[in-house]
Amino acid sequence: MRHVIIGAGPAGVTAAETLRKQDPAAEVVLIGDEPEPAYSRMAIPYYLSNKIGERGTYLRHDPDHLDKLGIGQIQSRVTRVDSAAKQLQLAGADPVGFDRLLLATGSNPIKPPIQGLDQPGVHHCWTLEDARNIVKYAAPGSRVVLMGAGFIGCIIMEALVARGVKLTVVEMGDRMVPRMMDQASGNLIKQWCLNKGVDVHTSTRVLGIEAGRNGGTRFRLACEPVDDIDADLVVVAAGVKPATGYLEGSGIEIGQGVVVNDFLESSVPGIYAAGDTCEGMDWGTGQRAVHAIQPVAAETGRTAALNMCGQPTRHHGSMAMNVLDTLGLISVSYGQWMGVDGGDEVHRLDESAYRYIKLQFQEDRLVGAITLGMTEHVGVLRGLIQTRLPLGRWKQHLMEDPTRIMEAYLGATQMTVG
Amino acid sequence: MQRSLYISPDKCTGCLQCEMACSFEHEGTFNPAKSRIKVFTFHSEGRFVPYTCTQCDEAWCKSACPTEAISLDAATGAKMVNDALCVGCKVCTIACPFGTINYNSVTGKVIKCDLCGGDPACAKACPTQAITYIDAEGTGYDRMRAWASRTDNQSAARA
Ligand SMILES: Cc1cc2nc3c(=O)[nH]c(=O)nc-3n(C[C@H](O)[C@H](O)[C@H](O)COP(=O)(O)OP(=O)(O)OC[C@H]3O[C@@H](n4cnc5c(N)ncnc54)[C@H](O)[C@@H]3O)c2cc1C
Ligand code: SF4
């Protein structure tokens, strides 16, 4: 049996390890196109702030880890998948055949339709190579414009500020992290950033990037509705989308990402998908969704591998969940934080302390949550949402005081169990 | 045989000796706020519930970690945070469905119960044996696991 995995990120590496553990006799081949040992994109912000070196971003610290497991590795780009012939075309390398295939190719950053993005000094923040470029241009005192205050944008702000740059953020949405935070918390994060000396323009668009004038900064950004902004470095963080271009003509069903069933198998039997690339079930909404986050990459990588080696394992779906540290202000969002029809909502806001908690219920079950400025026991929110635990009388306590989440959790589990 | 922490909330008097012992063991100060085991108070019922990591087998924190900073201590079964590798991304803190791995903003790292290398200070400090350190196969041990397992990927069936 020959298992081939495309993509050496967290999903691909977790899958390779799981396959090896479960099926010691099988051949496992991992194909990745980046010229680096398998690393974690998530660690990039900490590389940017000099907290770790490049090695600190590596997914596995033993350089021979994959070799020791007997996992074959090919550094090349897959350009085509021939599902019928069970064969992959590689850029500049011989074709590779497979019995079972895992698509774990992650996402690509979205390039907004703007003039002037293709030049040195304008970079995404998605790969280690991007990070090296950012380091090159983000000298202390330089002017940096961050296009996009989404999740990735916010997470690298701290690193950019730590490098001593003069930072300006331009976001199209009407608040910070609009896809993860509601109005109240998104605005508080903006206020926090302004207080820290970062210029933030929400509801603002960049129209184009031109060369700077009079030998000042490298670039000048035309914006609407604000005045032009000068920059030495532009970091483009305008969102990501599943990397599926190489699947054209493969017959594999693509929605937003590779559409998978409950066993993470695509529309073509024997071909599976995991991580940012896959579009599985959001178990909260029952709709298909792409959840481009690290924990989902690891979980789906493992589950897909179990299915590939003949251990039918249902994936119960994933949910959106994020934790964000924006210049020291920690925010968390889970599941259906925007609420559900006929559900109940409760929140508690302390603006001056930058603390906020919002809970969303469907009957007596928690279905979504947002927190700001909380670091203790936040994980139980996931536990409560994922287990669909009926809170019973504890729901009413939470409606009166949503901060009593641990009590409600223990009360509804321990007190009834024991 | 591996042992684990067994908690009997009904024996807990809320004296917080376990929190003091934990913070002293790990942080060198008697400061319940820095403890990795927490005692929750239910005023209306007059009950106390000590609570900490159950060291689950397929640990969510460990598999979510992007830098391999959480590893298994083969001797004790504890999931250990390696401070040198932890970058403080906090992803484990939202992945653990029990909320027992938390971010420490002073150190910029996460902290969790490490079973004190096999001799847990909380169990030694507890005057009423509400916290004991017993054989993992021992009777009743599954009490904490009972609700732990509800969240396990494998068993969290879509009801
Ligand atoms: C700066 C930054 C910060 C982040 N912070 C967080 C965070 O705090 N929390 C969180 O949950 N998530 C975070 N993420 C997102 C997280 O990194 C991703 O969800 C995760 O990397 C997805 O893993 P994956 O294995 O699916 O894909 P990837 O890690 O993207 O790996 C896919 C690999 O496949 C390769 N590949 C693609 N196409 C081909 C092909 N045709 N042939 C061969 N190889 C190919 C890619 O080059 C890549 O190496 C962050 C991402 C970035 C960039
Ligand atoms: S911290 Fe949470 S996920 Fe990690 S071992 Fe403990 S209970 Fe399990």
First locate atom [atom1] of [X], then atom [atom2] of [Y], and finally report the distance between them rounded to the nearest 0.5 Å.
{"X": "A:Met406", "Y": "B:Phe98", "atom1": "CE", "atom2": "CZ", "answer": "11.0 Å"}
{"X": "A:Glu407", "Y": "B:Glu45", "atom1": "CD", "atom2": "CD", "answer": "9.0 Å"}
{"X": "B:Phe48", "Y": "A:Leu410", "atom1": "CZ", "atom2": "CG", "answer": "13.5 Å"}

Can you tell me which portion of [X] sits under 4.5 Å from chain B's heavy atoms? Options are side chain, backbone, both or neither.
{"X": "A:Val332", "result": "side chain"}
{"X": "A:Ile293", "result": "neither"}
{"X": "A:Tyr334", "result": "side chain"}
{"X": "A:Met321", "result": "both"}
{"X": "A:Gln294", "result": "side chain"}
{"X": "A:Ile52", "result": "side chain"}

Interchain contact, [X] with chain A, by part (heavy-atom threshold 4.5 Å):
{"X": "B:Thr41", "answer": "backbone"}
{"X": "B:Ile94", "answer": "both"}
{"X": "B:Cys65", "answer": "backbone"}

Check: [Y] and [X] side chains under 4.5 Å, non-hydrogen atoms:
{"X": "B:Phe40", "Y": "A:Tyr409", "result": "no"}
{"X": "B:Trp60", "Y": "A:Pro295", "result": "no"}
{"X": "B:Glu68", "Y": "A:Tyr58", "result": "no"}

Please report, to 0.1 Å, the donor-acceptor pairs under 3.5 Å made by any side chain of residues 370-377 of chain A, with sequence neighbours excluded.
| from | atom 1 | to | atom 2 | distance (Å) |
| --- | --- | --- | --- | --- |
| A:His377 | ND1 | B:Gly99 | O | 2.9 |

Counting only heavy atoms from other residues, nucleotides and ligands, does the tally under 6.0 Å from [atom1] of [X] exceed 12?
{"X": "A:Arg404", "atom1": "CZ", "result": "yes"}
{"X": "B:Phe24", "atom1": "CZ", "result": "no"}
{"X": "A:Glu54", "atom1": "CD", "result": "yes"}

Show me the side-chain donor-acceptor pairs of residues 151-159 of chain A shorter than 3.5 Å, one per line, residues at least two apart or across chains.
| from | atom 1 | to | atom 2 | distance (Å) |
| --- | --- | --- | --- | --- |
| A:Glu158 | OE1 | A:Leu327 | N | 3.2 |
| A:Glu158 | OE1 | A:Gly328 | N | 3.2 |

Any donor-acceptor pair under 3.5 Å linking the side chain of A:His61 with the backbone of B:Thr67? yes

With respect to chain A, which residue among B:Cys92, B:Pro66, B:Ala64, B:Ala84 yields the maximal number of heavy-atom pairs within a distance under 4.5 Å?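 Winner by heavy-atom pair count: B:Pro66.
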
In short, A:Asp325 meets B:Lys90 closest at the heavy-atom pair OD2-NZ, 2.9 Å

